[in-house]
Each structure stands twice: as structure tokens, then as C-alpha cells.
Amino acid sequence: MLDSILFQIVAIVGLGILSQWLAWRFRLPAIVVMSLVGLIVGPFLGLFNPKESFGEIFNPIVSLAVAIILFEGSLSLDIREMKDSRRAIFRISTIGSLIAWIAGSFAAHYLAGISLDVAFIIGGIFIVTGPTVIMPLLRQAKLKERPSTILKWEGIVVDPFGALVALFALQVVLWTSDKITGNSLLLFFGASILSALFGAAAGFLLGKLLEHGYIPEFLKSPIVLVSVLLVFVLSDTIMHETGLLAVTAMGIIMANMHLTSLRDLLHFKENISVLMISGLFIMLTASLSMDTLKDILSWNMLLFVLAMLFIVRPVSIWLSTIGVDLTKQERILIGWIAPRGIVALTVSGFFAGVLREEGFKDADIITALTLALVFATVLAHGFSISWLARKLGLRATDEAGVMIAGGSPFSAVFGEALQSFNKPVLIIDRSWGSLSQARHMGLRTEVGDILSENTEYHVDLTPYEILIATTEDDAYNALICQHFVPHLGREHIFQTPSHSGDPSGYSKSIGGKRLFDEEYDIHMLNRFIEEGYRIRKTQLTDQYTLGDFINDNDHKTIPLFAVDSENNLVFLANAKKRSFDVGTTIVSLTSPTRMMERAMEKAMNIENPPKG
């Protein structure tokens, strides 16, 4: 059964998704887990070897998958996102890449012992980072907006640029050795420009067709997917590796046309991208041989990798960002984070084959050298990015922030209660006046429509993992919740109960989870605040459990949320079915009469302590 190609395909996809889940469950870098799983089932246990099993279709499958991943990444490159990072992104992607190419080539020559000709070819490959490794790390690390934007843009833009640099170096090496004529160099530049223009034109035309309704809704995603593959194949037919440039140009053009259907396309492409990345890492690592792994562990390889990590990358970033408005901490982080991934592996495989055919003796070591750099950077950067970002103060937050859609007296009181536990809180409303009480309480507020693209690009939403919709419009609340489901997950999205009190309506099917057991809609909650209801915090002990809290309180007390001893936030829908450890604090909204009763009970206990 293990020899069955059908079984291996299912096993690769299944192991990839399992690796993603394990990484999420145990808070590990996903690319590290996927690489280790691939090595275990491949060279270590020898269960299967996808490269041998798939034969001639192995490389085409990898190439098409990389094209889809690169397009999906470039589809998120809206120029508005760059803001004050444009100069840094341009410098790093051009001057920084050039410095990294030259320095990396000399490191490969003098430390890894590769001939200078071959070193300058693969030096271009080593400037590539890419969305397959950068995106999972950014999701894991939750960096502040500027370093996150710079790393994302660099990873996607430099991918095709690195492949073209290596291709240019190959053309120069073959030309100087009289294996090709000068016309081939002109053909290289012409093909590169043509591929970029072709991809941009295809993206513009496809965007117009989507926007003007020439493609039905149910065919939008399939047609876009087929178009990407077609653009990639046609460009790659003109000249190998220019297909990556074409699909990147295609994605960037579509991203900046501000298509109304772009968000739906992004969600579809992101789901495919997760499958592709998961499967590719398993395929590539499971196809390695033990001899290749032994080559990776040589001293020459180790010295080369250390030079790339601690000299080439930091120097290229520091030199290219001279005069750019970046802090020292941002330079350190960006100068350290540069993991290589699938694109570097696939492109190096192509160049190794070409150089081998041309008679270069060093061609066989290219794959081992690339793998050494990929594994080292994936492990080093995967495990260090969150720690380093926290040390440098570049992590957006260590706490799960809460975003509240809808300004009102209740939202302000609720937000202040959350903030008292060091939770980042943001309240967004379309009305300046509705946010007045929240501003008075010192909460962060933003005026704007939470569903607007303008708000999304001008407000950093990275720190906020929980959304609560509390506007007075139930349908709008449901729409907000549904909008953020792909970003936050339905388990992190809540809304106040419907004003109609109908739990079987739209709010259950497309909205967020209910914030309360009882039918306390936003109108009632605001009225409670006007009547003097206040926040009360009750800590559970061995003697005073959650059951005691529920029995002691009636409709005059509304449990809002709980914070356990580790400062984790839990909302109290279905509170009677929950159990909490000692030390958990229950936060509730309590009427002034109940607050007075509790104060009197407390005073009575002090005056008449229990005997014994």
C-alpha cells in the first residue's frame, strides 16, 4: 500500500495538515514541524520517497504549487499597506539583495569550497526568503506593523528577483565560457520584461472581468486559479523561472485594483496555500537521501551557514537601510529573520541540473548547500522570532487583545474592565460622539467603519484576537462577525444578543457566539449603565466556588467574563456548565442595590465572624 501513488498523495497532504495542527496545538513553528515530519517518514524511516514515486511529474507539481503560493502572497501586497515602510522595502529588496548576493557568493566560494562561477549563480538563490516560510512565522510572532510589513513585502518581492539574479549569473557564466552568445543575455532581459508585462496585463484584464460581472460568482475562484497556472506556464515556456515573476506581477496588480471580490479570493487562495505549503514541505524533505543529509553536516557547510546567518544577512540589512527611518531594534530583527524555504529548494534543483549538464563539477553540492541553509534558517528563525521580538519590544502584544465594534456606555465600561487585566482594548465606531465615554476612560478608540478597507489599512488590528460586536444594529453585528471569521476563527467572535430575542435567527447561523446566556441586548445593557450598574470582581476560592457565585446572584448580576490565574480570558456563555480553578476572577455587571447588599453582607461578616 505504501508504494501506491494515490496513498502517498493522501499521506503527504494528511501529514502536512497534521503538522500544521501540531504546531498550532503546541505553539511551535509550523515549518519546523513539517520539515521534521518529512524527514522522519522519508530518509529516516524510508516509508516513501515522493520524488522517486512521482517521477517526471514531481518537479512540475512543485513548480505549479510554488506559483500558486507566490500569487496568493502577492495578492495581499496592497501599496497602501506600505505606509512609512516604502523606502525600507525598496532599499532592502534592491540594494540589500545585491549586497546579499555578492557577499553570499563569496561565502559559498571561500567557506563551502565551490568554484566562483557556480558560487555567483547560487548566490542569487540564497537571497530568496519567500511567503512559504515568512507568512507562518509572522502569524506566529505577532510583530508590530512596520517590521511585519517589511518582512512580508521582502519575502514575496525578492522571490522572483532572486531566481532571475541566479538566471542572469548563469547566462553570464555560460557567455564568458563561450557556451552561449551575447544574444542570449539580450534574450534574458527581454524575456524577463515580457513576463512581467504579461503577468501585469493578465492581472489587469482578469480584474476588470471580475469587477464588471463578466464572471459569475461561483466561477470566480476557479477561473482565477486556472488563469494563474496558465500565466505561469506560458511565461515559464518563454524562459525558465520567469513564470515566478509573471504571477507575482499579476498578483500585485490585482491587489492594487481594490476589487470588491478580492477578499473572497484571498480566503480561497489562503486555504489552497495552506494545503500547498503543508504538502510541499513534506514532499521535499521526504525525498532527501541519507547521503545528502550527511553532506549537510560537514564543517564547510556549517561555516557557510554561520556566515550567512551572522554576517551576510545583518550586513546587507544595515548597509541598505542607512538613512532610512528604522530603529536599531527593527534593524536587528529584520537583519536576523531571513528563513529560506520551498522556492530556494526548487530553484536550486533546476540550476543543479543545468550546471550538471554543462559539465560543472560543483553542481552536485548545490542541493546539499541549499538544504543546509534552509534547515538552519528554518530552525534558528522559527524558534527565535517570537523571543527576539519580545526582547526588542517589537511584538505587538503578549496578551490576546479585544476589539469592540460599537461605541456606547456599556462598551466603555466593558472595555475598561478588560483593560484592568492588561488586555489591549480597541473600540471602533462610525460616530465620534458614541466614543466619548470610552475616550474619557482612557481607552483606545478609532472613528470609522470596521468593515471599511480604509480602516483596515490605517488601523493595526494585529494585537486583537477577540472581536465583540455591540452596535445597536443586530444585522450589522452579524455582518461584522461573519466578516472576521476567516481572520480570527468563530470561537473568538462574539456579539450581544439580538434585540428581537430570536436565538434561531440569522445571528446563530452567520453571526458570532452569544456573549450572555440571558437576552441582554445592547439597549438593555446601556440602560443598566445609566441606572448605575457597576463592574464587580469576585475571586473564586476553595470556600467560594463558581456554583456559590451563581447561587448568590440573580438577575441583578450579569456575569461578563472570567480571568484565570494565568490571566487567560474566558467569556461566560453557558456559565453553569463551566468549571474554573481556584484563583479565577469572575467579572460581572451588578446593580447598585446588589452592590449595597454585598457591602452590607461583608460588613456583617466582619462584625460577626463565624465561630470556630
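Counting from 1, the numbers follow the sequence of the chain as shown.
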Legend entry - Within-4.5 Å side-chain heavy-atom neighbours: Ile92 and Ile150: yes

Inset, instruction - Using distance alone, with no hydrogens and no angle criterion, decide if Lys537 and Ser420 have a side-chain donor and acceptor under 3.5 Å apart. - result: yes

Legend entry - Contact check, side chains of Ile215 and Leu209, non-hydrogen atoms, under 4.5 Å: yes

Inset, instruction - Kindly say whether Ile252 contributes a backbone atom to a donor-acceptor pair with the side chain of Asn256 at under 3.5 angstrom? - result: yes

Inset, instruction - Would you kindly say whether Ser278 and Gln20 are connected by a side-chain donor-acceptor distance under 3.5 Å? - result: yes

Legend entry - Side-chain heavy-atom pair Leu206, Val224 within 4.5 angstrom cut-off: yes

Legend entry - Student check: side-chain heavy atoms of Leu451 and Leu479 closer than 4.5 Å: yes

Inset, instruction - Begin from the C-alpha positions of Met254 and Leu259 and carry the test side-chain contact (heavy atoms from CB on, under 4.5 Å) through to its verdict. - result: CA-CA 7 Å; Met254 293 183 68; Leu259 306 174; 4.1 Å; yes

Legend entry - NZ or CZ of Arg439 within 45° of Trp432 ring axis and under 6.0 Å: yes

Legend entry - Distance (rounded to the nearest 0.5 Å) between Lys220 NZ and Leu210 CG: 6.0 Å

Legend entry - Asp429 side chain to Gly448 backbone, donor-acceptor under 3.5 Å: no

Inset, instruction - Taking Arg395 for its side chain and Trp387 for its backbone only, find out whether a donor-acceptor pair lies under 3.5 Å. - result: no

Inset, instruction - Assess whether side-chain contact (heavy atoms from CB on, under 4.5 Å) is satisfied between Leu525 and Ile529, documenting all intermediate values. - result: CA-CA 6 Å; Leu525 294 168; Ile529 300 299; 5.8 Å; no

Inset, instruction - Grab the two heavy atoms, one from Thr321 and one from Arg331, that are nearest each other, plus how far apart they are. - result: O-NH2, 2.5 Å

Inset, instruction - Would you mind reporting whether Gln419 and Leu443 have side-chain heavy atoms less than 4.5 Å apart? - result: yes

Legend entry - N/O donor-acceptor pair under 3.5 Å between Arg87 side chain and Ser85 backbone: no

Inset, instruction - Assess the side chains of Thr590 and Arg534: does a donor N or O sit below 3.5 Å from an acceptor N or O? - result: no

Legend entry - Minimum-distance pair of heavy atoms, taken over all atoms of Pro339 and Ile134: CD-CD1, 3.8 Å

Legend entry - side-chain contact (heavy atoms from CB on, under 4.5 Å) between Phe561 and Leu569, worked out: CA-CA 7 Å; Phe561 60 88; Leu569 183 64; 3.3 Å; yes

Inset, instruction - Report the distance from atom OG of Ser320 to atom CZ of Arg91, rounding to the nearest 0.5 Å. - result: 7.5 Å

Inset, instruction - Please tell me if the side chains of Phe414 and Leu560 come closer than 4.5 Å, counting only heavy atoms from C-beta onward. - result: yes

Inset, instruction - Kindly assign one of parallel, tilted or perpendicular to the pair Trp336 and His381, based on the angle between their ring planes and the thresholds 30° and 60°. - result: perpendicular

Inset, instruction - Provide the closest heavy-atom pair for Leu326 versus Ala88 in the form atom of the first, atom of the second, distance. - result: CD1-CB, 4.0 Å

Legend entry - Min side-chain heavy-atom separation Ile428-Ile404 under 4.5 Å: no

Legend entry - Candidate pair Glu446 and Arg444, rule salt bridge (Lys or Arg N to Asp or Glu O under 4.0 Å), full reasoning: CA-CA 7 Å; Glu446 290 287 347; Arg444 185 189 174 192; 3.4 Å; yes

Legend entry - Exercise: do Arg146 and Ser148 side chains pair donor with acceptor under 3.5 Å: no

Legend entry - Pairing of Glu472 and Arg430 as salt bridge, 4.0 angstrom limit: no

Legend entry - Matching residue for Phe494 among Leu467, Asn477, Ile468 - test: side-chain contact (heavy atoms from CB on, under 4.5 Å): Ile468

Inset, instruction - Decide side-chain contact (heavy atoms from CB on, under 4.5 Å) for Thr538 and Tyr544; before the verdict, give the C-alpha distance in whole Å, the side-chain angles of both, and the deciding distance to 0.1 Å. - result: CA-CA 9 Å; Thr538 307; Tyr544 193 81; 3.7 Å; yes

Inset, instruction - Count the heavy atoms of every other residue, nucleotide or ligand shown that sit under 6.0 Å from NZ of Lys208, and state whether that count exceeds 12. - result: no

Legend entry - For Asp474 against Pro497, the heavy-atom pair lying closest together: OD1-O, 4.2 Å

Inset, instruction - Might you point out which heavy atoms bring Ile450 and Ala405 nearest each other, and give the distance in Å? - result: CD1-CB, 3.9 Å

Legend entry - Separation of Ile466 CD1 from Lys423 NZ (nearest 0.5 Å): 7.5 Å

Inset, instruction - State, to 0.1 Å, how close Val158 and Val128 come at their nearest heavy-atom pair, and which atoms those are. - result: O-CG2, 4.0 Å

Inset, instruction - State, yes or no, whether a side-chain contact exists between Met441 and Val413 at a heavy-atom distance under 4.5 Å. - result: yes

Inset, instruction - Please find out if less than 6.0 Å separates the ring center of Tyr533 from that of Phe410. - result: no

Legend entry - Pair Glu491 + Lys513, salt bridge at N-O below 4.0 Å: no

Inset, instruction - Rounded to the nearest 0.5 Å, what's the gap from CD1 on Ile332 to OG1 on Thr327? Could you check? - result: 8.5 Å

Legend entry - Distance in Å, Glu154 CD paired with Ser93 OG, rounded so as to fall on 0.5 Å steps: 6.0 Å

Legend entry - Distance (rounded to the nearest 0.5 Å) between Phe383 CZ and Leu388 CG: 15.5 Å

Inset, instruction - State whether a side-chain donor-acceptor pair under 3.5 Å links Thr470 with Ser411. - result: yes

Legend entry - No-hydrogen, no-angle side-chain donor-acceptor test under 3.5 Å, Thr496 and Asp521: no

Inset, instruction - Look at the side chain of His492 and the backbone N and O of Leu488, then say whether any donor-acceptor pair between them is shorter than 3.5 Å. - result: yes

